[in-house]
Amino acid sequence: QLQVVESGGGLVQPGGSLTLSCAASGFTLDHYSIAWFRQAPGKEREGIACISGSGLRTKYVDSAQGRFTISRDNAKNAVFLKMDSLRPDDTAVYFCAAHRLVGLCVLKPDVFDYWGQGTQVTVSS
């Protein structure tokens, strides 16, 4: 009954900011590594950022480095993705995914077993 639920998506203008949340239901997030992915229509799912269970290890795709920040608040059982300086090419459905290996931090979608339903992010004037 592991469930991952994303929220926070919406419409923002270029250069704007948005923070996505990933909440867990039925399990404790600090026992799982978490990653954010995105997928635009007709494109493959792309890894954006990941964070280990302890939060000590993070990784970002090059296009997100310096603009996006992944963090976790284990007291709230949630992981966040703060996105700054958003660009139109950031438009996609964003997914949160969890993996049992707590120390994992990779941007490979095939590795992750538990996925949220996705939240739409649209960057447009």
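These numbers come from the heavy atoms of this one structure, side chains and all, not from hydrogens, waters or symmetry mates.
- Residues in residues 91-116 take part in these side chain to side chain donor-acceptor pair (under 3.5 Å) pairs, two or more places apart or across chains: Arg38-Tyr94, Arg100-Asp113, Arg100-Tyr114.
- Between Leu101 and Tyr32, the closest side-chain pair of non-hydrogen atoms is not below 4.5 Å.
- With rounding to the nearest 0.5 angstrom, the CZ atom of Phe80 is 10.5 Å from the SG atom of Cys96.
- Counting non-hydrogen atoms of other residues, nucleotides and ligands closer than 6.0 Å to CD of Gln117 gives a total of 12 or fewer.
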* To do: Starting from the C-alpha separation in whole Å, work towards a yes-or-no answer on side-chain contact (heavy atoms from CB on, under 4.5 Å) for Leu11 and Ser124.
  => CA-CA 7 Å; Leu11 174 65; Ser124 179; 4.2 Å; yes
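- A chain of hydrophobic side-chain contacts below 4.5 Å, direct or via other Ile, Leu, Val, Met, Phe, Trp or Tyr residues, connects Trp36 to Phe27.
- Taking CD1 of Ile51 as the reference point, atom SG of Cys22 lies at 11.0 Å (rounded to 0.5 Å).
- Remark: side-chain polar atoms of Arg57 are not paired, donor with acceptor, to backbone N or O of Ser52 under 3.5 angstrom.
- Contacts classified as side chain to side chain donor-acceptor pair (under 3.5 Å) and involving residues 5-22 (residues at least two apart or in different chains) are given here: Ser17-Asp84.
- Between Thr122 and Gln120 there is a side-chain heavy-atom pair separated by less than 4.5 Å.
- Rounded to the nearest 0.5 Å, atoms CD1 (Ile48) and CZ (Phe68) are 6.5 Å apart.
- Counting only heavy atoms from C-beta outward, the side chains of Glu46 and Ser63 approach each other to under 4.5 Å.
- Once rounded to the nearest 0.5 Å, the distance linking CG of Leu81 with OG of Ser71 reads 8.5 Å.
- No option in Val79, Thr119, Ile70 other than Thr119 meets the side-chain contact (heavy atoms from CB on, under 4.5 Å) test with Leu20.
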* Which is it for Phe95 and Val93 under the side-chain contact (heavy atoms from CB on, under 4.5 Å) test, yes or no, and what are the steps along the way? -> CA-CA 7 Å; Phe95 298 90; Val93 177; 3.5 Å; yes
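- A distance-only check finds no donor-acceptor pair linking the side chain of Arg72 to the backbone of Ser33 [under 3.5 Å].
- Of the inter-residue distances, the one linking Ile34 atom CD1 with Thr58 atom OG1 reads 14.0 Å to the nearest 0.5 angstrom.
- Using a 4.5 Å heavy-atom cutoff, the side chains of Asn77 and Thr28 are in contact.
- A distance of 4.0 Å separates CG of Asn74 from CG of Asp30, quoted to the nearest 0.5 Å.
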* Just do the side-chain contact (heavy atoms from CB on, under 4.5 Å) check on Lys59 and Leu107 with the steps written out, would you? => CA-CA 8 Å; Lys59 182 179 176 66; Leu107 300 176; 4.2 Å; yes
* Let me see the working for Met83 and Asp90 under side-chain contact (heavy atoms from CB on, under 4.5 Å), right down to the final yes or no. => CA-CA 10 Å; Met83 304 183 292; Asp90 293 317; over 6 Å; no
